[in-house]
Every structure is written in structure tokens, then in C-alpha cells.
Chemist: 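Take a look at the following structure, please.
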Amino acid sequence: MPSLVLFILVGMIVGSTGLGLIYFDNVCTAQIIGVFALVIILFEGGLHTKWTTVRSVAGASLTHHVITPYGETKIKEGDFLYILVETKYKEELKKVLKKKSVKEKSS
């Protein structure tokens with residue numbers, strides 16, 4: 001958190017409304033500065049995170065970020081395939097059931 005406040009203050013001081021050293025009207029410059037600041041903020045946050053905090057949320061994080069997207073993907077694939085082959089699926093199922101019933105009657 002301290003680095004976030006530090007970068008906000010530095011941005012306000014050196015920005016166009018402060019000392020006017022950096023003008024953020026150039027998109028490339030603003031993006032480079034923003035990405036650099038974000039990297040430092042995330043790195044600093046990772047250094048100050050306690051392992052007990054990480055361990056306490058590891059299970060929920062694993063479920064949320066790994067298992068849930070996999071399940072959502074499989075559901076979407078199933079929906080797509082159902083829409084794609086809906087009529088053929090029903091027709092083929094009827095054929096299979098007819099063949100099975102014919103075999104059972106002849107036995």
C-alpha cells in the first residue's frame with residue numbers, strides 16, 4: 001500500500017498539473033510509466049505478503065482460478081455441440097434405440 005500512495009503522489013507532483021515534468025498526453029509514455037509503476041507495486045506487495053495469508057486463501061484461489069474456468073469451458077463446449085448436432089443427435093438416438101429394441105424382440 002505505501003508504494004501505491006508513493007506512485008500516486010509522484011505522479012501528481014511530476015505530472016502536468018504539478019511541476020509539469022511529464023505530460024501524460026502521449027499514450028505510449030503514459031503506458032510505459034503506468035506499467036513500470038504497476039510492476040513495482042505488485043513486486044513490493046508480493047515481498048510484504050505473509051505466507052500464512054497466502055496459505056489461508058490458497059484453496060479458494062485454486063478453485064476459483066483453475067477449476068471454475070475449466071468447468072465453464074466444458075459447459076460451453078457441451079452447449080455448442082448440443083446446438084450444432086441437436087437434430088442429428090435425436091435422430092441417431094432413435095435409430096440406436098430401435099435397433100436395440102429389435103434385437104431384444106428377436107432374442
Side-chain angles (χ1 to χ4, degrees):
M1 185 67 175
S3 62
L4 177 63
V5 174
L6 175 69
F7 276 105
I8 290 173
L9 289 175
V10 170
M12 290 170 59
I13 292 170
V14 300
S16 57
T17 58
L19 297 175
L21 300 175
I22 300 174
Y23 288 93
F24 294 105
D25 57 349
N26 185 346
V27 176
C28 291
T29 304
Q31 181 180 10
I32 289 170
I33 293 170
V35 167
F36 178 71
L38 182 62
V39 166
I40 291 175
I41 291 167
L42 292 173
F43 184 74
E44 192 260 342
L47 287 177
H48 289 104
T49 303
K50 295 181 176 138
W51 180 245
T52 55
T53 307
V54 174
R55 197 175 330 148
S56 67
V57 295
S61 176
L62 179 69
T63 302
H64 183 70
H65 294 292
V66 176
I67 297 171
T68 303
Y70 178 76
E72 289 175 355
T73 302
K74 292 301 170 192
I75 290 169
K76 289 175 185 173
E77 287 174 4
D79 291 343
F80 175 73
L81 288 174
Y82 178 74
I83 291 168
L84 184 68
V85 295
E86 178 182 8
T87 55
K88 292 180 183 179
Y89 171 75
K90 289 180 181 177
E91 292 170 4
E92 293 299 320
L93 183 60
K94 287 178 184 177
K95 288 179 186 178
V96 170
L97 292 175
K98 279 184 183 179
K99 286 181 183 179
K100 189 175 182 180
S101 65
V102 169
K103 284 182 181 179
E104 288 175 358
K105 288 180 182 177
S106 63
S107 304

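As the structure is a prediction and not an experimental result, all values here were calculated from the model.
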Chemist: Under 4.5 Å between side-chain heavy atoms, counting indirect links through other Ile/Leu/Val/Met/Phe/Trp/Tyr residues: same cluster for Phe43 and Phe36 or not?
Modeler: no
Chemist: Within this structure, what is the CD-OG1 distance for the pair Glu44 and Thr49, rounded to the nearest 0.5 Å?
Modeler: 9.0 Å
Chemist: Is there a chain of hydrophobic side chains (I, L, V, M, F, W, Y, each step under 4.5 Å between heavy atoms) that links Ile40 to Ile32?
Modeler: no
Chemist: Carefully, step by step, assess Trp51 and Val54 under the rule side-chain contact (heavy atoms from CB on, under 4.5 Å).
Modeler: CA-CA 5 Å; Trp51 180 245; Val54 174; 3.8 Å; yes
